[in-house]
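In this text the structure is predicted, and so the values were computed from the model without any measurement. We count residues from 1, following the sequence as given.
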Amino acid sequence: MAEVKNKQVILKDYVSAGLPKECDMVVVATTTKLKLKEGSTGVLVKNLYLSCDPYMRSRMAKRDSASYVDPFNPGKPISGFGVAKVLESKDAKFKQGDLVWGMTGWEEYSLITSNDYLFKIPTTDVPLSYYTGVLGMPGMTAYAGFYEICSPKKGETVFVSAASGAVGQLVGQFAKLVGCYVVGSAGSKDKVDLLKNKFGFDEAFNYKEEPNLDAALKRYFPDGIDIYFENVGGKMLDAVLVNMKIGGRISVCGMISQYNLVLPEGVHNLMYVVSKQLRMEGFIVSKYFPHYGKFLELVLPHIKEGTITYMEDVVEGLENAPSALLGLFAGRNVGKQVVVVSRE
């Protein structure tokens, strides 16, 4: 029974409000046995790539009524979506040597006992890291929120906030595949340029340079917005509600502007949901995991043909994972934030 060193990222204690700091997490070295116990139904994996995602901020706090995932356990490794290689399996769905993506630990080796969110990787002729992003949870999130909830039609107008992130960059490209006019917002000139020149958005703007978001949206959508893919919340949502068309649809994926506030900002224009007869629907991506095969059929050919492009922001080494995660809330990442634990 081989025993190996196992580097882990540990949450020291709950962070109830405000921006987490690197010192709230610590990287430790433990040991683990590369053998499953008798009677186990789990899967032992070697982690290769880890995904940094905004929802992980809510898991750093004690569970409250707004949370939809269990909090991390202080003193234990944090967890998130990642790509891994199976070393041993007591689950008939997986065998030694399989490559998988799903929920795993922020550590070099993990014992996964709940396999509901674990998927065998069907093809390796694309970068494995893509299964933390375009072919993993963020890709499924973009697909579910745009296609399943918003039912887009050719010629409609689409607005995406936080558009250069892991999810937003895909929503914009999906919109163009349908034949929509799409505009994105981001937080820097470089990101705006990426949206227009790499991801094919019709227009994009830097929200930090707009003193009046309502006026900015009217500039890009003089006749109104059919579909809004919501990633930000707060002042952006308030401005969007005024500019929606009658019968518009809003898919609520996240509200990253609110995650670190002591008191969340109020939304003042909700009456427009009534007067404009809007449909505004929040969703949790795991509900749509049964559609994963359908999603792959749509996305994989476009990736291989180059009609969907994807950008990653790659950080090497588990010891750099805390900084990479916190960088999401400062807008440091350009594209999908990935941490490389091992390249096999």
Side-chain angles (χ1 to χ4, degrees), residues 54 141-189 191-197 199-259 261 264-283 331:
T141 301
Y143 167 82
F146 186 63
Y147 285 104
E148 299 287 342
I149 292 177
C150 291
S151 303
K153 303 177 186 65
K154 183 178 180 179
E156 289 191 312
T157 58
V158 178
F159 177 52
V160 186
S161 56
S164 67
V167 174
Q169 61 177 278
L170 288 171
V171 175
Q173 293 179 81
F174 289 161
K176 293 308 299 178
L177 290 176
V178 174
C180 297
Y181 166 83
V182 59
V183 177
S185 65
S188 73
K189 179 183 183 302
K191 291 180 180 180
V192 167
D193 290 343
L194 276 173
L195 292 176
K196 294 193 289 186
N197 300 324
F199 301 131
F201 283 61
D202 293 289
E203 293 289 350
F205 64 91
N206 183 348
Y207 70 90
K208 294 178 181 178
E209 295 179 347
E210 298 291 345
N212 186 322
L213 291 173
D214 177 26
L217 291 172
K218 282 181 167 56
R219 187 165 72 244
Y220 292 105
F221 298 98
D223 298 319
I225 301 166
D226 289 299
I227 292 172
Y228 173 44
F229 198 97
E230 164 69 304
N231 289 310
V232 170
K235 294 180 177 63
M236 185 65 80
L237 175 58
D238 239 5
V240 167
L241 288 170
V242 178
N243 287 280
M244 293 295 294
K245 289 183 183 180
I246 291 175
R249 290 90 74 203
I250 300 175
S251 178
V252 184
C253 172
M255 295 189 177
I256 195 170
S257 73
Q258 305 301 296
Y259 294 163
L261 299 182
E265 294 174 323
V267 177
H268 305 284
N269 290 322
L270 281 175
M271 187 60 194
Y272 284 95
V273 175
V274 179
S275 62
K276 290 176 178 283
Q277 303 160 60
L278 305 178
R279 181 161 61 85
M280 186 173 178
E281 182 175 343
F283 69 101

Do Tyr147 and Phe174 have ring centres separated by under 6.0 Å? yes
Determine the interplanar angle of the Phe229 and Phe283 rings, folded into 0 to 90°, and report it as parallel if under 30°, tilted if 30 to 60°, perpendicular if over 60°. perpendicular
Lys191 and Ser164 have their tightest heavy-atom pair at CD-OG, 3.3 Å
For residues Asp226 and Lys153, determine if any side-chain heavy atom of one lies less than 4.5 Å from a side-chain heavy atom of the other. no
Knowing that exactly one of Asp202, Val171, Thr157, Leu195 qualifies, which makes a side chain to side chain contact (heavy atoms under 4.5 Å, CB included) with Val182? Asp202
Atom pair CG/CE of Leu217 and Met236 - distance to nearest 0.5 Å: 6.5 Å
Donor-acceptor check, side chain of Glu230 to backbone of Gly233, threshold 3.5 angstrom: yes or no? yes
Donor-acceptor under 3.5 Å (Ser161 side chain, Ser185 main chain): no
d(Cys150 SG, Glu281 CD) to nearest 0.5 Å is 8.5 Å
Phe201 to Val183 - nearest heavy-atom pair and separation: CD2-C, 3.8 Å
Out of curiosity, Ile256 CD1 to Asn231 CG, how far, rounded to the nearest 0.5 Å? 8.0 Å
Taking the side chain as everything from C-beta on, heavy atoms only, tell me whether Val267 gets closer than 4.5 Å to Leu241. yes
Over all heavy atoms of both residues, which pair between Glu265 and Gln258 is shortest? Give the atoms and the distance, please. N-OE1, 2.7 Å
Any side-chain heavy-atom pair of Ile227 and Phe146 under 4.5 Å: yes
So does Phe205 have more than 12 non-hydrogen atoms from other groups sitting under 6.0 Å from CZ? yes
To the closest 0.5 Å, what do you measure between CG (Leu237) and NE2 (His268)? 11.0 Å
Residue Lys276 excluded, over 12 heavy atoms near NZ under 6.0 Å: yes
In terms of heavy-atom contacts, Ser251 and Ile149 come closest through OG-CD1, 4.0 Å
So, taking the atom named CD1 in Ile225 and the one named CZ in Phe159, what distance separates them when rounded to the nearest 0.5 Å? 6.5 Å
May I ask you to decide if Val242's main-chain N or O and Asn269's side chain share a donor-acceptor pair within less than 3.5 Å? no
Search all heavy atoms of Ile246 against all heavy atoms of Gln277 and return the closest pair with its distance. CG2-NE2, 3.9 Å
Measure the shortest side-chain to side-chain distance between Glu203 and Arg219 over non-hydrogen atoms and say whether it is less than 4.5 angstrom. no
Working to the nearest 0.5 angstrom, can you tell me the gap between Met280 CE and Met244 CE? 9.5 Å
NZ (Lys189) with more than 12 external heavy atoms under 6.0 Å: no
Is a side-chain N or O of Lys176 found less than 3.5 angstrom from the main chain of Cys180, in a donor-acceptor match? yes
Where Ala163 and Val160 come nearest, the two heavy atoms and their spacing: CB-O, 3.5 Å
